[in-house]
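Following: one structure in structure tokens, then a few remarks.
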Number of protein chains: 2
Amino acid sequence: MSIASDILRGHTDGIILARLCKKDSYGYEINKSIQKITGNTYELKEATLYTAFRRLEEAGYIVSYWGNELTGARRRYYSITDSGREMLRSLRAEWEESKRSIDKLMDESFDTDN
Amino acid sequence: MSIASDILRGHTDGIILARLCKKDSYGYEINKSIQKITGNTYELKEATLYTAFRRLEEAGYIVSYWGNELTGARRRYYSITDSGREMLRSLRAEWEESKRSIDKLMDESFDTDN
DNA sequence: CGATATACCTCGCCTGTCAAGGTATATCAG
DNA sequence: CTGATATACCTTGACAGGCGAGGTATATCG
């Protein structure tokens, strides 16, 4: 099962930052690791991924540099900044909070008496 | 803390259907109950709510009818259809699945060895 | 030599959110 | 009686993120 793009939206930035918080990486690798971790459930389309990189770099959350591969295609590496780490912290908190809310709202047993 | 609109997106339909699965209701009441349940964390803006009703009704997931209030402003009630109940089942499943994936991806302790 | 994997990128469409604006009824304080 | 607030509905247009479709280049393997 693949996840609707409307659900992906809003998590893209956090997911990328979370990956980069582990280690510097590049587009292709990040994409593969996301697929691997989720067993192909969650997939960022390339266009989505690269627009996200532009957005995050412009916002100062990541910086990029070219790798010096001696063979194969060139890679553009990304590195998370302090400001990016802080953003990530806040996105994780938002995720926990929204998860709780959505769980309540989607739960069939939950009820109000208003 | 309020939740970013990019996270709301993708859950709006499911949340509305979940509310209507309990009982027929109308826009204003649904909105208030969402706020109450989540302690004002999750808030659908009116414009968003009413666009969602149009969308869901056009898709055949809900039907509407005017209430016969003897006093106060008129209310348009919504009722979930069989097709809507089926959609809700599938949205709940998608939520569980995406929650698991995003949890893994946002988790700081999780790692790959690729 | 053609297919496949790695690796990058952009353009333009589509869709859902929402600020801003509007309508109408009822209640309550001053 | 007047103004504020709550209830209750609605539309328009701007905006932003996802992504289909298209493109480039290198390396490997049958």
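In what follows, every heavy atom counts, from backbone to side chain, and hydrogens, waters and symmetry copies are set aside. Every chain is numbered from 1, with letters handed out A, B, ... down the list of sequences.
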For the pair made of [atom1] in [X] and [atom2] in [N], what is the distance, rounded to whole Å?
X	N	atom1	atom2	result
A/R76	C/dT6	CZ	P	21 Å
B/I7	C/dT17	CD1	C1'	14 Å
B/F53	D/dC10	CZ	P	8 Å
A/R55	D/dG17	CZ	C1'	6 Å
B/Y42	C/dC18	OH	P	9 Å
A/I30	C/dC8	CD1	C1'	13 Å
B/R9	C/dG16	CZ	C1'	4 Å
B/L44	D/dC10	CG	P	15 Å

OP1 or OP2 of [N] versus the side-chain N and O atoms of [X]: is any pair under 4.0 Å?
X	N	value
A/Y26	C/dA7	yes
A/R74	D/dT24	no
B/S5	C/dC18	yes
A/T12	D/dG18	yes
B/R75	D/dA8	yes
B/Y50	D/dC9	yes
B/T48	C/dG16	no
A/R54	C/dT10	yes
A/Y28	C/dC8	no

Looking at D/dG20, C/dC8, C/dA19, which one has an atom nearest to any side-chain atom of B/A47?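 When the side chain of B/A47 is considered, C/dA19 is the closest of D/dG20, C/dC8, C/dA19.
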
Side-chain contact, heavy-atom cut-off 4.5 Å: B/V63 with B/Y78? no

If we ignore angles and hydrogens, is there a donor and acceptor under 3.5 Å between the side chains of B/D24 and B/Y65?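 Yes, a side-chain donor-acceptor pair sits under 3.5 Å.
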
Do the side chains of A/K104 and A/D107 get close enough for a salt bridge, i.e. N-O under 4.0 angstrom? no

Go nucleotide by nucleotide along DNA chain D from the 5' end; which of A/D13 and A/E46 gets its closest nucleotide reached first?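 Final value for this comparison: A/D13.
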
Given 3.5 Å as the limit, does a donor-acceptor pair link the side chain of B/S64 with the main chain of B/R76, or not?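 No, B/S64 side chain to B/R76 backbone: no donor-acceptor pair under 3.5 Å.
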
Are more than 12 heavy atoms, taken from residues, nucleotides or ligands other than B/E86, located less than 6.0 Å from that residue's CD atom? no

